[in-house]
Chemist: 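Let me begin by handing over the structure; questions about it come next.
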Amino acid sequence: MADIFRIPMALYAENRQKLLDRLSAPALSLPQNGLVLMQGGEEVMRYDTDHEPIFRQESFFHYLFGVKEPGFYGALDIDKKKAILFCPHLPDAYAVWMGKILSREDFRKMYEVDEVRYVEEIEAFLNERKPSVVYTLSGLNTDSKAVKPEFFTTPPGLEKFKVDKTTLFPEIVECRVIKSAKELDVLRYVNRVSSKAHEMVIKRVRPGWTEFQAEAVFRYETYYHGGCRNQAYTCICASGENGATLHYGHAGAPNDKVMHDGDLVVFDMGSEYQCFCSDITRSFPVNGRYTPEQRQIYETVLKAQEAVFQAMKPGVFWADMHRLANKVIVEELLRHGLLTGDVEDMTKHHIGALFMPHGLGHFMGLDTHDVGGYPAGVERHKEPGIRSLRANRPLEAGMVITVEPGVYFIEALLLPALNDPDVAKFLVADKIRQFLKFGGVRIEDDVIVTETGIENMTTAPRTVADIEALCAQGRQEFP
């Protein structure tokens with residue numbers, strides 16, 4: 001029987017208290033008798049059919065209540081420190097098709113809140129409660145650039161009360177940035193599950209496999225052994241030159257290439273456990289042995305990651321960690337004969353961004369690209385590479401962030417660069433052209449910022465020796 005992690009409802013109670021403490025802080029000077037009112041996710045169908053995709057709770061709602069089902073609303077009484085859920089009033093037919101209809105008392109006990117009412121009672125509740133202000137949740141997700149709507153369906157009667165649409169969002173975002181001890185326990189669990197699945201993929205992959213077979217192994221391992229029904233994002237199983245496509249695996253490139261002897265793969269896969277995410281990438285040779293060229297590029301990326309690990313601690317700016325990774329990558333590519341010239345001059349010309357056009361990493365939690373990377377007033381950098389950085393703030397203990405340097409040989413970037421005299425002078429053209437079908441390397445781990453440095457939650461092997469040993473072990477276990 002699988003040893004599945006059980007998330008305590010106390011996790012969500014602590015999150016609610018954390019938010020209530022912020023809303024009650026003297027610095028905000030909020031009026032008394034305020035009420036938070038927010039909506040959970042709604043059930044959706046696929047286009048015009050009755051096909052119902054597996055429901056996944058809206059992340060902010062899950063953060064506060066841990067509710068699995070669609071159709072709920074939630075309220076927090078700021079002064080009385082009470083939590084109220086509003087559940088849908090389901091028809092009798094639900095019991096025939098979907099199972100037992102839980103009572104309000106069932107939900108109250110299950111989610112350990114103070115009170116549960118039906119959704120249609122929200123208006124009566126507001127009239128009874130008579131809040132001075134209703135705080136609703138709406139704001140800009142600085143990662144996706146999408147605006148979170150206040151409600152999918154606005155509850156009736158709300159228009160009779162003063163509504164504040166701006167205060168809540170930045171406060172709950174900051175709550176989510178710093179993880180609690182209980183949240184970290186869940187994130188460690190889902191990282192262990194995904195790390196073990198990556199190890200099994202490394203053991204099993206062989207020349208002649210199709211990329212989606214590797215994805216299938218990962219999905220099986222995380223669900224069968226870890227209870228992870230969902231993946232945190234679309235699996236990227238890129239082999240050979242596909243490894244130069246940063247977000248390979250989409251509908252137009254569905255992990256369907258046959259992997260060949262000599263291919264290097266970039267497998268970026270992370271499972272999700274009850275909305276808590278993981279995000280791990282490993283790059284390894286299909287035949288189990290790195291070629292000298294593959295080893296050079298792989299160890300370039302590994303050296304950049306190790307340099308960042310050594311430098312990370314509270315107070316360090318994340319943008320500076322991106323610059324550090326870039327510098328190491330440029331120095332190593334220079335050492336291996338792919339670049340020529342002065343490192344400082346190459347930095348000024350953004351040469352590193354030709355090989356690592358993405359950011360070094362991102363916050364992670366209830367979303368793979370978690371909220372809070374750009375607090376109010378913080379702007380994105382304009383320069384190539386670093387402008388893709390998903391967070392730009394100093395590190396703090398309790399943050400969870402990915403560290404994912406990479407080197408890719410992307411024709412769409414390198415061919416124009418070879419024709420640009422200001423840039424081409426730093427590129428060893430013959431050597432670069434030899435690598436245009438190489439693909440790429442990315443190494444991605446999920447780390448907790450601690451008081452003195454970091455804790456790496458990802459346990460899948462990273463060194464060339466350890467990965468080759470795991471490949472060899474897999475060939476013994478699965479001949």
Chemist: Compute whether any side-chain donor of one residue and acceptor of the other, for E306 and Q310, lie under 3.5 angstrom apart.
Modeler: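 No donor-acceptor contact under 3.5 Å links the two side chains.
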
Chemist: Any side-chain heavy-atom pair from M312 and L395 closer than 4.5 angstrom?
Modeler: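 The answer is yes; the side chains approach within 4.5 Å.
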
Chemist: Going by atom types alone, do T458 and N191 pair a side-chain donor with an acceptor below 3.5 Å?
Modeler: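 There is such a pair between these side chains.
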
Chemist: Looking only at heavy atoms, which two atoms of F409 and A244 are closest? And how far apart?
Modeler: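 Heavy atoms only, the tightest pair is O-CB, 3.5 Å.
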
Chemist: Hey, mind stepping through H362 and E404 against side chain to side chain donor-acceptor pair (under 3.5 Å) and telling me if it holds?
Modeler: CA-CA 9 Å; H362 50 81; E404 49 179 306; 3.1 Å; yes

Chemist: Find the distance between CE (M200) and OG (S195) and round it off to the nearest 0.5 Å.
Modeler: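 Taking CE in M200 and OG in S195, the distance rounds to 13.5 Å.
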
Chemist: So, do M45 and H51 sit near enough that their side-chain heavy atoms are less than 4.5 Å apart?
Modeler: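 When only atoms from C-beta onward are counted, H51 and M45 do not touch, as no gap falls below 4.5 Å.
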
Chemist: Identify, with sequence neighbours excluded, every residue that meets salt bridge (charged side-chain N to carboxylate O under 4.0 Å, His left out) alongside E211.
Modeler: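 By the salt bridge (charged side-chain N to carboxylate O under 4.0 Å, His left out) rule, E211 matches no residue at all.
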
Chemist: Can R176 be said to sit on top of F60's aromatic six-ring, NZ or CZ under 6.0 Å from centre and within 45° of the ring axis?
Modeler: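 The answer is yes, since R176 meets both limits relative to F60.
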
Chemist: Tell me, with the steps shown, if Y273 and Y189 meet ring pair (Phe, Tyr, Trp, His ring centres under 6.0 Å).
Modeler: CA-CA 9 Å; Y273 182 70; Y189 169 78; 5.0 Å; yes

Chemist: Check the surroundings of atom NZ in K100: do more than 12 heavy atoms from other residues, nucleotides or ligands lie under 6.0 Å from it?
Modeler: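 Open: at most 12 neighbouring heavy atoms sit under 6.0 Å from NZ of K100.
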
Chemist: Please, which pairs that meet side chain to side chain donor-acceptor pair (under 3.5 Å) have at least one residue in residues 258-269, sequence neighbours excluded?
Modeler: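 Only Y233-D268, K257-D263, D261-N287, D268-T281, D268-R442 qualify under side chain to side chain donor-acceptor pair (under 3.5 Å).
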
Chemist: Name all residues meeting the ring-ring contact (aromatic ring centres under 6.0 Å, His included) criterion together with F317; count only those two or more places apart in sequence or in a different chain, and write none if there are none.
Modeler: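 For F317 there are no ring-ring contact (aromatic ring centres under 6.0 Å, His included) partners, ignoring immediate neighbours.
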
Chemist: When you compare the side chain of E183 with that of Y63, does any pair of heavy atoms fall below 4.5 Å?
Modeler: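 Y63 reaches E183 side chain to side chain.
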
Chemist: Would you kindly say whether D367 and S59 are connected by a side-chain donor-acceptor distance under 3.5 Å?
Modeler: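 Yes - a donor-acceptor pair under 3.5 Å links their side chains.
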
Chemist: Are more than 12 heavy atoms from other residues, nucleotides or ligands located less than 6.0 Å from atom CZ of R475?
Modeler: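 Count over threshold, so yes.
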
Chemist: Measure from NZ or CZ of R295 to the centre of the six-membered ring of Y290, then state whether that distance is under 6.0 Å and the direction lies within 45° of the axis.
Modeler: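 Verdict for Y290: no cation-pi partner in R295.
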
Chemist: Give me the atom names and distance for the closest heavy-atom approach of T300 to V328.
Modeler: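 Taking every non-hydrogen atom into account, O-CG1, 4.4 Å.
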
Chemist: What's the shortest heavy-atom distance between R380 and S388, and which atoms?
Modeler: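 Looking at all heavy atoms of both residues, the shortest contact is NH1-C, 4.3 Å.
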
Chemist: Decide yes or no for I236 and M269: does some side-chain heavy atom of the first lie under 4.5 Å from some side-chain heavy atom of the second?
Modeler: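 Side-chain contact under 4.5 Å: no.
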
Chemist: With a 4.5 Å cut-off on side-chain heavy atoms, are V190 and S271 touching?
Modeler: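 SC-SC contact between S271 and V190 confirmed.
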
Chemist: Between Y298 and F284, does a ring pair (Phe, Tyr, Trp, His ring centres under 6.0 Å) hold up when you go through it step by step?
Modeler: CA-CA 9 Å; Y298 186 89; F284 63 93; 9.7 Å; no

Chemist: Would Q231 and T222 count as having a side-chain donor-acceptor pair, cut-off 3.5 Å?
Modeler: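 The answer is yes; a qualifying pair exists.
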
Chemist: Quick check: do F152 and V44 have side-chain heavy atoms less than 4.5 Å from each other?
Modeler: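 Contact flag for F152/V44 side chains = no.
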
Chemist: Can you list the steps and then say if T402 with D445 is a side-chain contact (heavy atoms from CB on, under 4.5 Å)?
Modeler: CA-CA 6 Å; T402 67; D445 289 31; over 6 Å; no

Chemist: For salt bridge (charged side-chain N to carboxylate O under 4.0 Å, His left out), just list the numbers for R433 and D430, CA-CA rounded to whole Å, side-chain angles, deciding distance to a tenth of an Å, and then say yes or no.
Modeler: CA-CA 5 Å; R433 291 185 187 280; D430 290 345; 5.6 Å; no

Chemist: Is it the case that over 12 heavy atoms from other parts of the model lie below 6.0 angstrom from the OH atom of Y224?
Modeler: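 Not more than 12 within 6.0 Å, no.
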
Chemist: Can a side-chain donor-acceptor contact be found between Q274 and H62 if the only test is distance below 3.5 angstrom?
Modeler: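 No - no donor-acceptor pair under 3.5 Å links their side chains.
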
Chemist: Restricting to salt bridge (charged side-chain N to carboxylate O under 4.0 Å, His left out), what partner residues turn up for E69, sequence neighbours left out?
Modeler: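 E69 satisfies salt bridge (charged side-chain N to carboxylate O under 4.0 Å, His left out) with no other residue.
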
Chemist: Please list every donor-acceptor pair under 3.5 Å in which a side-chain atom of residues 343-353 meets a protein atom from a residue at least two apart or in another chain.
Modeler:
| residue | atom | partner | partner atom | Å |
| --- | --- | --- | --- | --- |
| T347 | OG1 | V343 | O | 2.9 |
| H349 | ND1 | D345 | O | 3.0 |

Chemist: Under 6.0 Å from the NZ atom of K148, do we count more than 12 heavy atoms belonging to anything else shown?
Modeler: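 Enclosed: over 12 neighbouring heavy atoms sit under 6.0 Å from NZ of K148.
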
Chemist: In this structure, which one of T142, N141, D143 forms a side-chain contact (heavy atoms from CB on, under 4.5 Å) with H369?
Modeler: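 When T142, N141, D143 are each tested with H369, the side-chain contact (heavy atoms from CB on, under 4.5 Å) holds only for D143.
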
Chemist: Can you give me the closest heavy-atom contact between A460 and H198, atom names plus distance?
Modeler: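 Shortest heavy-atom contact: CB-CB, 4.3 Å.
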
Chemist: Check S278 against A232 and note the closest heavy-atom contact, atom names and distance.
Modeler: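 Shortest heavy-atom contact: O-CB, 3.6 Å.
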
Chemist: If you count heavy atoms of other groups shown closer than 6.0 angstrom to NZ of K425, is the number above 12?
Modeler: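 Yes.
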
Chemist: Can H225 and Y220 be counted as having a side-chain donor-acceptor contact under 3.5 angstrom?
Modeler: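 Distance-only check fails for H225 and Y220.
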
Chemist: Considering only residues two or more places apart or on different chains, which pairs with a residue in residues 230-246 satisfy salt bridge (charged side-chain N to carboxylate O under 4.0 Å, His left out)?
Modeler: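 Applying salt bridge (charged side-chain N to carboxylate O under 4.0 Å, His left out) to every pair that reaches into residues 230-246, excluding sequence neighbours, yields E241-K437.
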
Chemist: To check you understand the geometry: which heavy-atom pair defines the closest contact between G71 and P88, and what is its length?
Modeler: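 What the structure gives for the nearest pair is O-CD, 3.6 Å.
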
Chemist: When you check the side-chain N and O atoms of Y248 and N242, is any donor under 3.5 Å from an acceptor?
Modeler: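 Judged by distance alone, the side chains do pair up.
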
Chemist: Side chains of E199 and I467, heavy atoms from C-beta outward: is any pair under 4.5 Å?
Modeler: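 A side-chain contact under 4.5 Å is absent here.
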
Chemist: Using side-chain heavy atoms (C-beta onward) and a distance below 4.5 Å, is F267 in contact with E215?
Modeler: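 No, their side chains stay 4.5 Å or more apart.
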
Chemist: Looking just at side-chain N and O atoms, do R462 and Q305 make a donor-acceptor pair shorter than 3.5 Å?
Modeler: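 On atom types as modelled, these side chains qualify, holding a pair under 3.5 Å.
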
Chemist: On the 0 to 90° scale, with breaks at 30° and 60°, tag the Y111-F107 ring pair as parallel, tilted or perpendicular.
Modeler: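 Answer is parallel, since the angle falls under 30°.
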
